[in-house]
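The structure appears right after this line, and notes come after that.
Hydrogens, waters and symmetry mates play no part in the numbers below; they use all other heavy atoms, side chains included. A, B, ... follow the sequence lines: proteins, then strands. Residue 1 opens every chain.
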There are 2 protein chains.
Amino acid sequence: MSDLLERLRGRGWRMTAQRRVVAEVLDGEHVHLTADEVHARAVARLPEISRATVYNTLGELVTLGEVLEVATDQRAKRYDPNAHRPHHHLVCARCGSIRDVHPTGNPLADLPESERFGFMVSNVEVTYRGLCPDCAAA
Amino acid sequence: MSDLLERLRGRGWRMTAQRRVVAEVLDGEHVHLTADEVHARAVARLPEISRATVYNTLGELVTLGEVLEVATDQRAKRYDPNAHRPHHHLVCARCGSIRDVHPTGNPLADLPESERFGFMVSNVEVTYRGLCPDCAAA
DNA sequence: CGCTTGACTTAGACATTGTCCATTGTAGGA
DNA sequence: TCCTACAATGGACAATGTCTAAGTCAAGCG
């Protein structure tokens with residue numbers, strides 16, 4: 001946590017109360033929050049923080065590579081603080097809850113040259129979908 | 001094409017000019033259009049068609065399994081008429097263009113039981129990202 | 001320690017994408 | 001041909017995100 005703040009400061013990030021709160025919220029719970037959820041939690045600590053600042057700060061954290069943006073549903077983007085270890089996602093098709101998973105195998109290697117259409121392929125995301133235990137029981 | 005219309009009629013779909021136009025647009029170009037792009041092309045053939053009807057019709061085609069919804073970016077959903085053959089997607093990180101691809105390997109088998117967290121996993125989507133030839137050249 | 005300055009924050013307007021609803025229209029069977 | 005249930009319309013509304021102009025403040029400097 002203070003790790004994160006130190007890293008950011010070391011990169012010339014100007015430290016403000018707002019940015020600290022956003023970083024703390026992300027680092028506090030290792031879940032995948034939407035921008036609005038981050039905002040709600042930030043407001044609880046710093047009532048006057050604005051939506052625009054939360055969006056700006058999240059965008060900067062993504063640019064800096066400290067946080068990943070994941071679009072597992074077509075609703076709001078979610079922000080994944082676990083940016084430093086490669087992983088994929090397992091999403092509940094009903095309630096939308098997300099777990100980080102680590103499949104074996106290397107999907108990048110599974111795309112033959114003939115299927116690359118001249119693209120410079122740099123990245124792959126794997127999203128597993130299914131029902132979580134709670135939703136499967138219901 | 002008329003295949004599609006026949007299948008739909010066979011399932012009791014009431015055929016209207018609007019639905020026919022939407023189905024034809026999707027089937028005509030095998031690209032991944034957004035709802036708005038479908039609407040624009042539909043308007044070219046049937047000027048009075050409304051946005052709501054296009055959304056409704058696309059939703060019905062998805063429900064019927066004739067078309068896939070893909071959310072490769074967090075902007076608009078795209079509609080994939082190639083619903084009957086399993087495939088994954090290769091997306092240009094800059095311009096958003098999409099190609100269907102067929103990687104080797106079976107990512108579902110690559111998720112060990114210990115990484116399933118009790119989920120009933122039923123589906124996996126793989127999205128490759130990179131730069132298309134045009135964007136890489138620019 | 002108190003300026004200065006440019007980066008940061010704010011509030012709210014705006015944009016995009018999608019959904020809903022009440023009304024009007026029409027496909028297809030009787 | 002007429003009826004009627006299903007479909008289409010258009011406009012309001014909702015959710016998410018972006019932009020801007022003006023005010024505010026962190027942090028370096030004297």
Side-chain angles (χ1 to χ4, degrees), chain A residues 5-6 8-25 32-43 45-64 66-80 96, chain B residues 5-6 8-26 32-64 66-80 95-96 98:
Chain A
L5 292 180
E6 282 315 311
L8 295 173
R9 195 190 295 273
R11 298 214 222 171
W13 224 45
R14 187 153 138 189
M15 191 51 54
T16 66
Q18 291 84 351
R19 287 175 167 182
R20 186 168 10 250
V21 165
V22 170
E24 285 174 2
V25 165
H32 303 70
L33 299 173
T34 65
D36 250 24
E37 289 165 348
V38 173
H39 181 235
R41 284 164 174 69
V43 162
R45 304 189 188 200
L46 188 68
E48 66 276 22
I49 194 170
S50 76
R51 254 169 23 100
T53 296
V54 172
Y55 276 101
N56 288 341
T57 304
L58 289 172
E60 288 156 11
L61 288 169
V62 169
T63 299
L64 291 171
E66 295 292 346
V67 162
L68 289 181
E69 212 172 61
V70 288
T72 50
D73 58 24
Q74 49 287 10
R75 311 275 315 263
K77 296 174 197 168
R78 292 176 176 274
Y79 292 89
D80 182 345
Chain B
L5 291 181
E6 282 315 310
L8 295 173
R9 194 190 295 271
R11 298 214 223 170
W13 222 45
R14 188 153 135 188
M15 190 52 55
T16 67
Q18 290 84 350
R19 287 176 167 182
R20 185 169 11 248
V21 164
V22 169
E24 284 174 1
V25 164
L26 277 178
H32 303 69
L33 299 172
T34 64
D36 249 26
E37 289 165 347
V38 172
H39 181 234
R41 286 164 173 70
V43 162
R45 304 189 188 199
L46 190 66
E48 66 276 24
I49 194 171
S50 76
R51 255 170 23 99
T53 296
V54 171
Y55 277 100
N56 288 342
T57 304
L58 288 173
E60 287 156 13
L61 288 170
V62 170
T63 300
L64 292 171
E66 295 292 344
V67 162
L68 289 180
E69 210 171 61
V70 290
T72 50
D73 58 25
Q74 47 289 10
R75 311 274 315 264
K77 295 175 197 166
R78 291 176 177 275
Y79 293 89
D80 184 344
C95 71
I98 304 180

Salt bridge (charged side-chain N to carboxylate O under 4.0 Å, His left out): which pairs involve residues 32-46 of chain B, sequence neighbours left out? Glu24(B)-Arg45(B), Glu29(B)-Arg41(B), Glu37(B)-Arg78(B)
Do the charged groups of Arg11(A) and Glu60(A) touch, with an N to O distance under 4.0 Å? no
Take atom CZ of Arg20(B) and atom P of dA8(D), then tell me their distance rounded to the nearest Å. 11 Å
Check nucleotides 27-30 of chain D for protein N or O atoms closer than 3.5 Å to its own N or O atoms and list the pairs.
from	atom 1	to	atom 2	distance (Å)
dA27(D)	OP1	Met15(A)	N	3.1

For atom CG of Leu5(B) and atom P of dA27(C), their distance in whole Å: 15 Å
Would you compute the distance between atom CH2 of Trp13(A) and atom CG of Leu61(A) and round it to the nearest 0.5 angstrom? 4.5 Å
d(Arg20(A) CZ, Leu5(A) CG) to nearest 0.5 Å is 6.5 Å
Just how far, in rounded Å, is P of dA14(D) from CG of Asp36(A)? 15 Å
Arg75(B) atom CZ is separated from dA15(C) atom C1', nearest whole Å, by 10 Å
First locate atom CZ of Arg9(B), then atom CE of Met15(B), and finally report the distance between them rounded to the nearest 0.5 Å. 5.0 Å
Integer-rounded Å distance: dT16(D) C1' and Glu37(A) CD: 13 Å
At a cut-off of 3.5 Å, list every protein nitrogen or oxygen paired with a nitrogen or oxygen from nucleotides 18-21 of chain D, distance to 0.1 Å.
from	atom 1	to	atom 2	distance (Å)
dT18(D)	O4	Arg51(A)	NH2	3.3

Can you check whether Ser50(B) has a side-chain N or O nearer than 4.0 Å to OP1 or OP2 of dA8(D)? no
Distance (rounded to the nearest 0.5 Å) between Ile49(A) CD1 and Thr16(A) OG1: 7.5 Å
Under-4.0 Å side-chain N/O to phosphate OP1/OP2 contact, Gln18(A) with dT10(C): yes
Whole-Å gap separating C1' (dC25(D)) and CD1 (Ile49(A)): 15 Å
Picking from Leu26(B), Leu33(B), Val22(B), what satisfies side chain to side chain contact (heavy atoms under 4.5 Å, CB included) with Tyr79(B)? Leu26(B)
Residues which pass side chain to side chain donor-acceptor pair (under 3.5 Å) with Arg51(A), listed by chain and number, not counting sequence neighbours: none
For Leu58(B) and dT19(C), give me the distance from atom CG to atom P, rounded to whole Å. 10 Å
Nearest-0.5 Å distance that lies between atom NE2 in His32(B) and atom CG in Leu68(B): 8.5 Å
Residues of residues 38-46 of chain B with any non-hydrogen atom less than 4.0 angstrom from an atom of DNA chain D: list those, numerically ordered, please. none
What integer distance in Å separates Leu8(A):CG from dA26(D):P? 17 Å
Give a yes or no on whether the backbone of Arg14(A) and the side-chain of Arg19(A) come within a donor-acceptor separation of less than 3.5 Å. yes
Sequence-distant partners of Ala76(A), side chain to side chain contact (heavy atoms under 4.5 Å, CB included), two or more places apart: Thr34(A)
